[in-house]
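No hydrogens, no waters, no symmetry mates; every other heavy atom, side chains included, goes into these values.
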Amino acid sequence: MTLDTGHQITMYRQMVRIREFEERVKRTFTDHPGVIRGHTHLADGAEASIVGSIAAMRPGDQAIATYRCHGYPIALGSDTSALMAEIYGRVGGICGGYGGSMHLADIARGFLGTSAIVAQNIPQGAGAAYAAQLRGRGDVVLTFFGDGATKQGAFHESLNVAALWRLPVVFIMENNSFSVTVRTEEEDANAAAGEPLATKAKAYSMPGTTIDGGDPLVVQQTVADAVARARAGDGPTLIESLVYRLSAHGNSIAPPGVPLHYPEHEAVAIYGAVEEYEAAKRGDPVPRFRARLIESGVLTGDQAGAIVDEAQAEMQAAVDFALNSPLPEPAAALNHVYA
Amino acid sequence: MTRTTYARAIGTALATAMRDDERVFVLGEDVSAGGPFTITRGLVDEFGKDRVRDTPISEAAICGIAIGAAQSGLRPVLEIMYIDFLTLALDQLANMAAKAHFMSGGQLSVPLVLRTQGGAGQRAGAQHSQSLESWLCHVPGLKVVMPSRAVDAAGLLASAIADPNPVVMVENKTLYFRSEEVPDTVEPVPLGQAAVLRTGRDVTVVALSGLVPEALHAADALAADGIEVTVIDPRTLVPLDLDTIVASVRRTGRLVIAHEAVRDGGIGAEIAAATGRAAFDHLDAPIERVAAPFEPIAVSPVAEDAYLPRAPQIRDAVLRTLGRELNREGCRLPRPTA
């Protein structure tokens, strides 16, 4: 199935919105020092994978993800002002300022939330899929995680259960080649042996495939096939989506008062692999998809530029909203411990 | 009234909840056959394998699955066979079940019941006998119930299933098969409400789980000696019904706290500190704690028996709060071995 041009333009717009959002998160460290403390992890470089995956969902489906989570709710339609305010820890945040960058959730849009513990969300995605299976309406759950998560027991336990029970879940592993600073081939037996990480699917008798996560149409097609399989009751699929994160793992960490910043990417900072990083930037999925849409006549350059302008205006409004949103009353936190 | 057991009362309460609410389902290792303590035996015949779900031996995954299912509208009752195995699921429980509601600004709730059982006394060794409830009480967002009687186990389970928060029910393997009387219709027991099982003017004993029958036994013996003891079973540890405990201590002026977990860092320390502050002016003696020594649990019968606090130690602690000599004439319980 080839997506019509309208869908392709929508996907491009979503990719641009995610990119512009992440740029504004990153710029906040310099434009508004002290507004973000703690941890943020950006999804720049993974936009095609995120948007292509989400494009395979239909209403009633759900998604669950990790702490590198800004992109999914944007693609699902969450209000970027509320997302930015959440990252700033403000009352107007989508979680009232109690979750922050690593714990976005938007239940109304099927975004079940995220965990900052690597691989913790994988069984929870399987559990949501169990609920979907019992509901019997054909709903599917997309469970996103990184390559690092595949070294956790929770990953292996969950794939076993999901395959055994034929749960309607698609496991989407965004392999960005690094676990913070350690390269995948230094910590993954498949990678060390020169095999794709999707090889792990074989151990659980489910389909496993490795794709170019920089091509949103390839991602959409692959995930749509896996979703169709899950809907039909044939069980889970493991998709290894190869991406290259364009920012460092996360912002610098320092005590209060010390300004935070985004360090250089680990490829450069740790390994001195300047050419590797430059090549990754040349392969940036956002301009790549833009060039393809222009080349194929789906968009003109002006139209593509207008999409960027709109996204930049949206994210400026998001920053303004977030800066003007009040901080929560400290005592009010006690009201949220129990439902 | 009906005669039943703690084990059967829980099984019956589960069946009732599953009949009343189709969102309720049971999952865990060996649950369709009933598990090692027969609690869930027979449920699969009435409710089928989708709602009585045998799982692989994957505690992290099955706890996470229960959380995901709870967040998506189901009411899972997860069995972790021994509380000792809860270590494998603690990330899911402490880092997500307990925090999802908070972190999502109230969007998510996790109406999960996690049933497990602890306690020594079956020569099961250091990894099948622990009492780890205080770990759970230290995590905001979890509720913890620890019933000692069949009627409370059934009533608390009903309330736990209805509660929108994650509730851990810590059962006790030595309580499962005692014959007890319960009303023909078991009413839900509200979470956070202690039960005063015996009223006496002299000393308040707060006992948990397996030490509740021991405390009642000690109270009988002390009564024969003219010492009247109040026995309180908190039933719920989080939220703790401190008011009932404090009100009693204000009358008696003396408090003994008895639990099977090791003394150090145990929930008894929390109860002692909170009660000491609230009833400071009424206390006539230091608060006594009866608990296990700070050591793993041995398989050897002699060593396990020496490890386990029982009625004689509670009796002695009561006497200490009264400033009486231990093992005096008239106390009918044998002196505990050192």
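- Contacts between A/Ala116 and chain B at a heavy-atom distance below 4.5 Å are absent for every atom of the residue.
- Under a 3.5 Å cut-off, the side chain of B/His101 and the backbone N or O of B/Leu108 do form a donor-acceptor pair.
- A donor-acceptor contact closer than 3.5 angstrom is absent between the side chains of A/Tyr72 and A/Ser53.
- With ring centers used as reference points, B/Phe85 lies under 6.0 Å from B/His128.
- Ion pairing between a basic and an acidic side chain is recognised when a charged N comes within 4.0 Å of a carboxylate O; A/Asp234 and A/Arg229 show no such pairing.
- For B/Glu22, no part lies under 4.5 angstrom from a heavy atom of chain A.
- In this structure, B/Glu133 and B/Ile83 approach most closely via the heavy-atom pair N-CD1, 4.3 Å.
- Aromatic ring centres of A/Phe171 and A/Phe155 lie farther apart than the 6.0 Å criterion allows.
- The residue among B/Leu27, B/Leu142, B/Asp163 with the most heavy atom pairs within less than 4.5 Å of chain A is B/Leu142.
- Residue contact with chain A, scored on non-hydrogen atoms closer than 4.5 Å, involves the backbone and the side chain of B/Ser104 alike.
- Most heavy-atom pairs under 4.5 Å with chain B: of the set A/Gly97, A/Ala131, A/Gly127, this distinction falls to A/Gly127.
- Within the 4.5 angstrom heavy-atom criterion, no atom of A/Gln152 approaches chain B.
- There is no contact between B/Leu88 and chain A, counting heavy-atom distances below 4.5 Å.
- For A/Leu112, the parts lying under 4.5 angstrom from a heavy atom of chain B are both the backbone and the side chain.
- Chain A forms more heavy-atom pairs under 4.5 Å with one residue of B/Lys143, B/Gln71, B/Arg51, B/Met96 than with any other, namely B/Met96.
- Across all non-hydrogen atoms, the minimal contact from A/Cys95 to A/Ala105 is SG-N, 3.7 Å.
- Comparing B/Ala60, B/Pro164, B/Gly141 by how many heavy-atom pairs each has under 4.5 Å with chain A, the most go to B/Gly141.
- Of the atoms belonging to A/Asn160, it is side-chain heavy atoms, and not backbone ones, that fall under 4.5 Å from chain B.
- With respect to A/Thr143, the side-chain contact (heavy atoms from CB on, under 4.5 Å) criterion is satisfied by exactly one of A/Ile172, A/Leu238, A/Val169: A/Val169.
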Before you tell me yes or no, could you show the steps for A/Asp320 and A/Arg24 under salt bridge (Lys or Arg N to Asp or Glu O under 4.0 Å), namely the whole-Å CA-CA distance, both residues' side-chain angles and the distance that decides it to 0.1 Å? CA-CA 11 Å; A/Asp320 293 341; A/Arg24 290 312 298 258; over 6 Å; no

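- Heavy atoms closer than 4.5 Å to chain B are found in the side chain of A/Ile117, but not in its backbone.
- A donor-acceptor contact closer than 3.5 angstrom is absent between the side chains of B/Asp241 and B/Gln193.
- Contacts of A/Leu164 with chain B are made by side-chain atoms alone, with heavy-atom separations under 4.5 Å and no backbone atom involved.
- Neither the backbone nor the side chain of B/Lys99 comes within less than 4.5 Å of any heavy atom in chain A.
- Heavy atoms of B/Pro140 lying under 4.5 Å from chain A belong to its backbone as well as its side chain.
- Looking only at heavy-atom pairs under 4.5 Å with chain B, the residue among A/Asn121, A/Asp106, A/Leu104 that has the most is A/Asp106.
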